Asks: 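Handing you this structure, nothing more for now.
All ligand and atom numbering here is 1-based and tracks the order in the structure. Because the structure is a prediction, the values reported are computed rather than measured.
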Amino acid sequence: MESKIILGVDIGGTGIKGALVDTSTGKAVTDRIRIETPQPASPEAVADTVNILIKEIGYKGSIIGCGFPAIIHNGVAKSASNIDESWIGVDAEKLFSKKTGKEVFVLNDADAAGIAEVHFGRLKGASGVSILLTLGTGIGSAVFINGQLVPNTEFGHLYLKDHKKIVEKYASNSVRKRKDLDYEEWIMRLNELLNHLGHIFSPSNIVLGGGISKKFDDYEKYFDDFEFKLKPAKLLNHAGLIGAAIYGMEKSKNLIGQES
Ligand code: BGC
């Protein structure tokens with residue numbers, strides 16, 4: 001019988017994570033391995049690190065799904081905010097496939113996390129407009145309409161009123177840590193983004209992901225009252241690699257076509 005166990009990889013600004021995922025249950029079937037993202041995070045260096053990850057996990061399968069922190073159009077990186085600039089224009093799918101000798105399918109990291117939440121997490125069965133935000137080195141976003149992904153949204157790059165920088169530069173989790181903001185100060189910044197998204201999208205749900213989502217109970221009280229439901233991601237910081245594995249499996253079966 002064909003295997004549903006696929007290696008999911010989540011490339012982030014600070015760490016590259018991977019685990020084998022059972023795509024029929026959405027569960028990681030091995031421990032999550034994390035390797036520091038090489039600096040500078042050039043295409044060659046990142047591809048070498050993915051190879052080390054594969055060896056450490058001992059993956060023998062042929063398909064890999066990989067989340068990447070940039071706009072990804074048909075496997076090609078179209079931006080580079082928390083990764084080396086030399087990625088822009090690089091066909092990440094081709095590069096990783098060549099380096100690893102496997103078939104690698106690449107998508108935006110937040111889109112990957114969203115796919116996991118739609119299949120097995122907080123957005124399972126959600127109808128209408130749902131948004132997932134990943135709070136990490138940057139702020140990533142994924143938008144779903146009745147469970148269908150609208151790929152490559154970049155809500156972390158919105159300019160909000162009275163600010164001279166994009167929102168991820170003052171409201172991401174890495175900024176919270178760097179500036180030593182307490183939860184109240186940090187959530188006041190995030191409230192600006194959430195109110196804005198609520199106003200222009202009228203979503204039914206907004207889900208917050210990234211490692212900090214597991215502390216949701218500690219800062220929930222600082223959020224404004226919203227018209228939408230606000231919840232932490234269910235798959236926490238595994239969502240990215242689980243969604244990447246699901247994407248890899250669906251792409252390898254041609255269930256998702258090329259964008260033209
Ligand atoms: C990137 C997005 C990415 C997000 C989270 C942003 O800076 O532009 O593509 O999803 O960081 O990694």
Asks: Between T137 and E168, is any side-chain donor less than 3.5 angstrom from a side-chain acceptor?
Replies: no
Asks: Can we say K251 and E103 salt-bridge, meaning some charged N sits less than 4.0 Å from an Asp/Glu carboxylate O?
Replies: no
Asks: Please work out which of the three classes, parallel, tilted or perpendicular, describes the rings of F228 and F226, given edges at 30° and 60°.
Replies: parallel
Asks: So, does E93 use its side chain to make a donor-acceptor pair with the main chain of V76 at under 3.5 Å?
Replies: no
Asks: Distance-only check: which donor-acceptor pairs under 3.5 Å involve side-chain atoms of residues 193-209, not counting sequence neighbours?
Replies:
residue: N195; atom: ND2; partner: N191; partner atom: O; Å: 3.0
residue: N195; atom: ND2; partner: D224; partner atom: OD2; Å: 2.9
residue: N205; atom: ND2; partner: S130; partner atom: OG; Å: 3.3

Asks: Kindly print each ligand 1 N/O atom paired with any protein N/O atom under 3.5 angstrom away, one pair per line, or none if nothing qualifies.
Replies:
residue: ligand 1; atom: 7 (O); partner: S81; partner atom: OG; Å: 3.3
residue: ligand 1; atom: 7 (O); partner: N82; partner atom: ND2; Å: 3.1
residue: ligand 1; atom: 7 (O); partner: H157; partner atom: NE2; Å: 3.3
residue: ligand 1; atom: 7 (O); partner: E168; partner atom: OE1; Å: 2.9
residue: ligand 1; atom: 7 (O); partner: E168; partner atom: OE2; Å: 2.9
residue: ligand 1; atom: 8 (O); partner: E154; partner atom: OE1; Å: 2.6
residue: ligand 1; atom: 8 (O); partner: H157; partner atom: NE2; Å: 2.9
residue: ligand 1; atom: 9 (O); partner: A70; partner atom: N; Å: 3.4
residue: ligand 1; atom: 9 (O); partner: N108; partner atom: ND2; Å: 3.0
residue: ligand 1; atom: 9 (O); partner: E154; partner atom: OE1; Å: 3.4
residue: ligand 1; atom: 9 (O); partner: E154; partner atom: OE2; Å: 2.6
residue: ligand 1; atom: 10 (O); partner: N108; partner atom: ND2; Å: 3.1
residue: ligand 1; atom: 10 (O); partner: D109; partner atom: OD1; Å: 2.5
residue: ligand 1; atom: 12 (O); partner: D109; partner atom: OD2; Å: 2.6

Asks: Give a yes or no on whether the backbone of I139 and the side-chain of S172 come within a donor-acceptor separation of less than 3.5 Å.
Replies: no
